[in-house]
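Worksheet: the structure to be examined is printed underneath.
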Amino acid sequence: MRPSGLAPLLIVACVALSWPVEARAAPLQLSFSGSPQDLDTDAVAPLLSRDERSGRVLAVWSVRVGTRDLTTTIARVLDARGRPIGAAFKLRGLTVFGGGNRPATLMAIAARPRAGGWIVAAAARSAGTRSRVVSAVVTPGGNVGRRRALSAATAPRTEIRSLGLAVDPRSGRAIVSWFVNRHSKADRATRGSRRAVLARGIDSNGRPRTPVRALYTAPRDSTLIEGEVAIGFVPKTRSWLAVWTHDVRFARKRVINIYARRVLGSVRPRGPVRAAGRAASGDEMFGAPSVIAGTAASGALALFRHETLDGNRLLLARLNANGVVRGRARTVGARGDGEPTSPSAVVDSSSGGLLVYGQACSAVGHGGCRQFTPIIGQRLSASGAPFGASRVIRRQAAGPGVALARSETGSYLLAWQAAAVSGAAYYSDNAMFTIFPNKAEIFIEELTP
């Protein structure tokens, strides 16, 4: 999002409230994308991950490549308070497709608990319009290891929609999962897409340790329109929990549900697919799932978006190790006209946590959107349950991309997309007003509980 015709002070101003956390220092700008007058280059989709061994944090984001629907992956190592250690660097070979904030769903990062540093996984461009799932290791000093292929290149008219990554903190092994759209040769554009949730086990160096296995395959007589996947580790059972959502359409029926399934370290599914959320009618939709780590050892929290004609909201469901919902899903924040996007949460089983998300405007039927996206915060208890009222943490984010991490000092690090002035103001004869060139850049700040 690149608002124009705004005063520079309005563009860069972001007001932090004292609830639920307060800023300890002024925000720091992590990215500097493109030339000053290049309005086609933005930094989007931030991700954060803390390495407990070194106390450092890795920030990863995407920068658009010209006007093409490609983004290159940029990373920067930070100290415990979010201050950069060295310059930003490219993660070569991890260029992904997708405009806007979609690169956030095509990338995932996780700390290596035993060796230190991070594993980065991405649905990277392979050749032409094809892509494959790849991994690479980044050391605490910012050195990037060898890129390793985790899947074959996609076939023509096949698309990787989203990707997840979760690590076993004891062994350092991980599972990478992804949602792939498989098109049938017999069917054409609007019909005949088959989708599947696939996964593969890797070691702490990002090397494949298991074959690629299917956790779920769509029915042959269905057409699937949307789908996203997330995965988390369950300490008590030493297994993983995959959560995904998809839009399944049959000839006279549409089903938009969210599902879960237990996955063993061999990446073999254990037990049936469970429905974690069912739509009451075709006017409802679930999307944007994520699995929150650091909660009860016997299960996990699943966070997903719930969209209805009455408004949109985030739901937080407690799942056991087999993906069965325990109790009722809780609403996070108030139902509103905007669309909750890019939810990110950190929960500690002793001290509780924080959930943040963007509130993107829903333009249809609401008379247009505001220039900026607010960032909403919600306190979470030690069990992961929301409590208290949700509040605005930042009033003027430039887009819905937001990320959260817990620092070594016990504070939070919040990264988001902010609009930054990128050049001298000029008067546009066509627009009939003064334009202040700006682009979306990644900012970070430390927040104290």
Side-chain angles (χ1 to χ4, degrees), residues 31 33 42-49 58-65 68-75 90-110 118-136 138 144 147-155 157-166 174-182 193 195-200 202 206 212 224-231 242-246 287-291 304-305 341-344 358 399-403 415 417 440 442:
S31 70
S33 58
D42 280 334
V44 298
L47 299 172
L48 294 175
S49 177
L58 183 68
V60 176
W61 64 89
S62 298
V63 175
R64 295 191 183 98
V65 181
R68 296 176 294 171
D69 197 22
L70 292 173
T71 64
T72 187
T73 305
I74 308 296
K90 290 184 179 181
L91 295 177
R92 301 189 183 279
L94 272 72
T95 296
V96 301
F97 289 98
N101 283 276
R102 193 178 164 208
T105 66
L106 296 176
M107 295 165 45
I109 57 175
W118 303 268
I119 300 173
V120 182
R125 178 190 179 197
S126 177
T129 58
R130 302 185 181 191
S131 59
R132 71 174 74 213
V133 179
V134 301
S135 66
V138 179
V144 183
R147 190 187 80 157
R148 302 181 187 276
L150 303 183
S151 72
T154 55
R157 298 182 65 243
T158 301
E159 179 185 27
I160 297 174
R161 289 290 303 179
S162 69
L163 182 144
L165 169 65
I175 290 181
V176 180
S177 61
W178 60 97
F179 199 109
V180 64
N181 178 0
R182 289 175 171 173
S193 63
R195 297 201 173 193
V197 178
L198 304 178
R200 190 169 198 178
I202 61 175
V212 175
L224 286 85
I225 311 302
E226 297 291 344
E228 296 180 85
V229 64
I231 193 166
V243 179
W244 67 91
T245 181
H246 61 235
S290 59
V291 180
F304 50 93
R305 189 174 65 245
T341 62
S342 303
S344 182
V402 60
Q417 299 164 206
I442 306 302

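The structure displayed is predicted, hence computed values, not measured ones.
- Applying the side-chain hydrogen bond (donor to acceptor under 3.5 Å, both in side chains) test to Ser177 and every residue at least two apart in sequence or in another chain returns nothing.
- Listed here is the closest heavy atom pair of Ser290 and Ala230: CA-CB, 3.7 Å.
- Looking at residues two or more places apart in sequence or on another chain, you find no side-chain hydrogen bond (donor to acceptor under 3.5 Å, both in side chains) involving Arg200.
- The shortest side-chain heavy-atom distance between Leu163 and Val229 does not fall under the 4.5 Å cut-off.
- With sequence neighbours excluded, the residues forming a side chain to side chain contact (heavy atoms under 4.5 Å, CB included) with Ala75 are Leu58, Val60, Phe89, Leu91, listed by chain and number.
- Looking at heavy atoms from C-beta onward, Ile231 lies out of side-chain contact with Val291 at the 4.5 angstrom threshold.
- Of all heavy-atom pairs spanning Gly401 and Ser342, the tightest one is CA-OG, 3.7 Å.
- Note: Thr154 OG1 to Arg125 CZ = 12.0 Å, rounded to the nearest 0.5 Å.
- Taking both residues in full, the closest heavy atoms of Ser33 and Val63 are given as CB-CG1, 3.9 Å, listed atom of the first, atom of the second, then distance.
- The side chain to side chain contact (heavy atoms under 4.5 Å, CB included) search around Ser135 returns Arg148, Leu150, not counting sequence neighbours.
- Between Thr105 and Arg161, the closest side-chain pair of non-hydrogen atoms is not below 4.5 Å.
- Remark: the backbone N or O of Ala123 is not paired with any side-chain donor or acceptor of Ser131 at under 3.5 angstrom.
- Taking the side chain to side chain contact (heavy atoms under 4.5 Å, CB included) definition, one finds that Ala59 meets it with Leu30, Leu48, Trp61, Leu78, sequence neighbours left out.
- To the nearest 0.5 Å, atoms OG1 (Thr245) and CZ (Phe304) are separated by 8.5 Å.
- Leu94 has its side chain out of reach of Met107: every pair of non-hydrogen atoms, C-beta onward, lies at least 4.5 Å apart.
- By the side chain to side chain contact (heavy atoms under 4.5 Å, CB included) test, Ser151 pairs with Arg132, Val133, Trp178, sequence neighbours left out.
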Going through the checks in order, is the side-chain contact (heavy atoms from CB on, under 4.5 Å) test met by Ile109 and Ile119? CA-CA 6 Å; Ile109 57 175; Ile119 300 173; over 6 Å; no
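- Between Ala43 and Ser31, the closest heavy-atom pair is CB-OG, 3.4 Å.
- With values rounded to the nearest 0.5 angstrom, Glu228 atom CD is found 6.5 Å from Arg305 atom CZ.
- The two residues Gly93 and Arg147 have their closest heavy-atom pair at O-NH1, 2.7 Å.
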